[in-house]
There are 2 protein chains.
Amino acid sequence: MRSALFALLVVSTSFAATAAPRTLEEEAAHLRDSVLERNHAWDIVESLTTETGPRLAGSPAEANARQWAVKKLTALGFKNVRIETFDVPGWERGTEKAYITTPFPQALKLAALGFSGATPEQGIEAEVVPFSSLEEMEAAPDKAIKGKIVFITHRMPRMQDLSANYVKLNPIRTAAPSIAASKGAAAIIIRSLGTDHHRNPHTGGTVWAAGVTPIPAAALALPDSDQLERVLSRGKPVRIKLRLTPRSLGTLQSGNVIAEIPGTDPSLGLVLAGGHLDSWDLATGAIDDGAGVALTTAAAKAILDSGKRPRRTIRIVWFGSEEIGIYGARAYAAKYGDVPHALVGESDLGAGRILKLSSKVNPEDLGTIKSMLRVLAPLGVMTGDNNGDPAPDVIPLVELGVPLIAPFQDGLDYFDLHHTPDDTLDKINKDALTQNTATWAVILWIAANADSTFARLPLQPSH
Amino acid sequence: MRSALFALLVVSTSFAATAAPRTLEEEAAHLRDSVLERNHAWDIVESLTTETGPRLAGSPAEANARQWAVKKLTALGFKNVRIETFDVPGWERGTEKAYITTPFPQALKLAALGFSGATPEQGIEAEVVPFSSLEEMEAAPDKAIKGKIVFITHRMPRMQDLSANYVKLNPIRTAAPSIAASKGAAAIIIRSLGTDHHRNPHTGGTVWAAGVTPIPAAALALPDSDQLERVLSRGKPVRIKLRLTPRSLGTLQSGNVIAEIPGTDPSLGLVLAGGHLDSWDLATGAIDDGAGVALTTAAAKAILDSGKRPRRTIRIVWFGSEEIGIYGARAYAAKYGDVPHALVGESDLGAGRILKLSSKVNPEDLGTIKSMLRVLAPLGVMTGDNNGDPAPDVIPLVELGVPLIAPFQDGLDYFDLHHTPDDTLDKINKDALTQNTATWAVILWIAANADSTFARLPLQPSH
């Protein structure tokens, strides 16, 4: 079905090619169809994941990926390709082992959360105390938790709307460890924030409140969480031996990689698109966020290949150190927050199809969004709303009132893979990647050439 | 669809229950429907996987599982429950790490093959030399292999017929390591024999030819095999650091667990069904072969619950140490090979639906197989052939000419999970498990009561 649609579009291209495009929308449609014929996104993400591997924030691997990125972006024909560095707190994973010692001895698969504390070298052994939610754990008396291994169970539904699953449950990973530590827990293990059923735990950063000493904190793979719940259901005391040896590395250097297509009238403000270059350390980050950097870059590459120069400068940013707390995004906003940006957007929800196009722009610029939607209709992109959610790395700019473009993409399987060892190249669907890339090509071209003023909105401190 | 069918059958049971069954087929149909109403298989496999965990051949965990089995089978109401021990060669997994050191440093996920040799404690580092098949590796000059890490790639198709995938490719795991060792390889890594795309390697036993010193031998997860192939495709020399520290443990004790429903006329020979109790060490062995022991036992449990005694004794065998070379099966055949067995079968291909019923019996007994098929038709079980393949643990009996029943089951996803960390309880579909259990209940009841002679066939040395 999808392939048939693409074939049809490619055929229509051949007809369209007989007459030179005239209007902005005709140019954008031509660009859209050129991506359907030749999309660089797969090549970029294949090359990135194969040649750089995992790219943990602040690590030598992330630094290596920046060098790789400069070569790749230069080779693709972008201008002003550069690295802009900033500092981040370093952390590295060590050994991670968990073992039910009683009543039914067996191993469990887990992964330390980013910035987890460590156990002593020989590990710890303690009784497990389960809670079905963060709230239940928080409400429990400290004496029920002190010296125990807290286990938080929950069920993350497979939903398209992140506010109904990931955003809602996220405090179990980001906040519960600090709360458990403050209540005297020996360690905390959580059911992974995920929707799969494989022995692949979902890592992710956690945040320690001021004055709280980090405790060992890890996420169990979902089958292992199920298993631990079954073992607990027998009603006997359950003890776990846990050994986690991560360590903090002090201050390290990270960086953003920037590349541009210079516009003919830079005074009109920048159009910014990108993704984040860093990944978690368990996999090569194909979905999170190799796909995002690849497809936004490939969209711009299609513009380079068209031979036409945009009016506004198109700036591609591969943000560093997103995963540990959008450090790259904050460094970018600190440096460029006062520079005029016409429209900004990030791709950071995998490689699925774009379902609808949302935005957050002034009402007088909605005509330009509608213009994009007319060109995107053949790709199945539906009309969204003007209250779009920014992807993480554009949050600091959106907070400053910079107009946002927010393509809303199919993410039903995103949390099968997110932050797991399974986030590898084979998970990317090439057809969906191409539809997504073509959407961004249309967005970039129309945004870079539209007559809109793209004035800033009021400050948006709520993000 | 499936649930609707089951609901229909359950309804028809209620009607059937109004009149006492008379013929053997009516009794079998009644039993079939009783399983659709109440199947013990899920409870057994849930309990086995939760309370015993992984059960590696010869390990303390397998011994613990035998004790658990005796309690469980006794509690279910079986008679003559006992453990029969035998010796096996011991082996245990150690640390397993692999890392591409050049040209693109990154980690790979793998698992040592059973009876793999070890690297020195600090590991080895060597260049990788890829081959697309065992035959290509075997044909290569020794000098192309000496001191290198052999890497065998292949593609295992998702097929129902094992002879077209697993059986055909199996020598890559069982034989290639020994051949690579004899040609001077430093180590061998193979693409896992599997059909999934997760970071879960497929282990399994390998066999060293007489006089060959074992080398480190491991299977890469499929995404890692893909990745290594992509890295090699860049045309630069690829080196891997490999650390595997498994060790042989000398002679250990394993055992079969046997349970019976005594027949009213034991002189008619035993009807034997079962599965294997041991599992690989990476998971709890829900599919391989917790499901098999659970569903054959649950089928017999339905007979116990019916209150009717079979004419022939029904013997349930939970074989030990299948995975490392059907040691339990050979011990059983050595002890009981001369005892009359009317019909034998094993379930060892997961928990899927039975698609057809094959057998290997004398022509005069085919009427009894047809009788089973009449009762199984409502479950969607189709007619097979009389050249059925025995599951591993009944091979030694079938070689002696013992008549075989061979339910042929849906195994299209079996090699997604087989021998991986992902072989966990959540992978079992309860509806399919119930259809499979009901099929075995019909088989057992008709086999245990039929007027067939079930004479032995000629010796079948080909298996």
Side-chain angles (χ1 to χ4, degrees), chain A residues 45-56 59-61 64-65 68 93 95 97 99-100 103-109 196-201 221-234 236 238 279 281-286 416-417 420-428, chain B residues 45-56 59-61 64-65 68 93 95 97 99-100 103-109 196-201 221-234 236 238 279 281-286 416-417 420-428:
Chain A
V45 68
E46 192 268 356
S47 181
L48 171 66
T49 56
T50 302
E51 296 169 17
T52 77
R55 307 170 294 282
L56 185 63
S59 69
N64 179 53
W68 175 94
R93 189 178 304 281
T95 296
K97 304 240 179 231
Y99 199 86
I100 299 174
F104 310 127
Q106 52 191 287
L108 297 172
K109 285 226 176 196
D196 64 302
H197 288 282
H198 296 289
R199 299 289 297 285
N200 288 314
L222 278 82
D224 298 77
S225 183
D226 290 344
Q227 179 77 335
L228 182 53
E229 286 187 59
R230 282 191 295 268
V231 170
L232 284 159
S233 76
R234 269 45 178 183
K236 298 175 184 169
V238 177
S279 75
D281 55 337
L282 300 174
T284 55
D416 289 351
L417 307 168
T420 74
D422 241 353
D423 181 2
T424 50
L425 185 66
D426 51 286
K427 308 308 184 303
I428 293 179
Chain B
V45 69
E46 193 269 356
S47 181
L48 171 66
T49 54
T50 302
E51 296 168 18
T52 76
R55 308 170 293 282
L56 185 63
S59 69
N64 179 53
W68 174 93
R93 186 178 306 280
T95 297
K97 302 236 179 236
Y99 199 87
I100 300 173
F104 311 126
Q106 52 191 287
L108 297 171
K109 285 225 174 198
D196 64 302
H197 287 282
H198 296 288
R199 300 289 296 286
N200 289 313
L222 277 83
D224 297 78
S225 182
D226 289 345
Q227 179 78 333
L228 182 53
E229 286 186 59
R230 280 191 295 268
V231 169
L232 284 158
S233 75
R234 268 45 178 182
K236 298 174 184 168
V238 177
S279 75
D281 56 337
L282 299 175
T284 56
D416 288 351
L417 305 169
T420 73
D422 241 352
D423 182 1
T424 50
L425 186 65
D426 52 288
K427 309 307 184 303
I428 293 179

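Chain letters run A, B, ... following the sequence lines, proteins first, then strands; residues in each count from 1.
Between the side chain of B/Q227 and the backbone N or O of A/T49, at least one donor-acceptor pair lies under 3.5 Å. The backbone N or O of A/R230 lies less than 3.5 Å from a partner atom in the side chain of A/S233, making a donor-acceptor pair. Here the side chain of A/D224 pairs a donor or acceptor atom with the backbone of A/K109 at under 3.5 angstrom. Judged by distance alone, with hydrogens and angles left aside, the side-chain atoms of A/K427 form a donor-acceptor pair with the main-chain N or O of B/H197 at under 3.5 Å. Of the possible donor and acceptor atoms, none in the side chain of A/R93 sits under 3.5 Å from a partner among the backbone N and O of A/D281.
Residue B/A283 touches chain A through both its backbone and its side chain, counting heavy-atom pairs closer than 4.5 Å. In this structure, the portion of B/N200 lying under 4.5 Å from any heavy atom of chain A is its side chain and not its backbone. For A/L417, no part sits under 4.5 Å from any heavy atom of chain B, backbone or side chain. Only the side chain of A/T284 comes within contact range of chain B, with at least one heavy atom under 4.5 Å from a heavy atom of that chain. Interface remark: A/T95 contributes no atoms to any contact with chain B (heavy atom separation under 4.5 Å). Interface residue B/L282: only backbone heavy atoms are found under 4.5 Å from chain A. Looking at A/T50, the atoms closer than 4.5 Å to chain B (heavy atoms on both sides) sit in the backbone and in the side chain alike. Interface remark: A/D426 contributes side-chain atoms only to the contact with chain B (heavy atom separation under 4.5 Å).
Between chain B and the options A/H198, A/E46, A/Q106, heavy-atom pairs under 4.5 Å are most frequent for A/H198.
Between B/D226 and A/L425 the shortest side-chain heavy-atom distance does not fall below 4.5 Å.
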| task | Run the numbers on A/L228 and A/I100 for side chain to side chain contact (heavy atoms under 4.5 Å, CB included), then give the verdict. | result | CA-CA 8 Å; A/L228 182 53; A/I100 299 174; 4.1 Å; yes
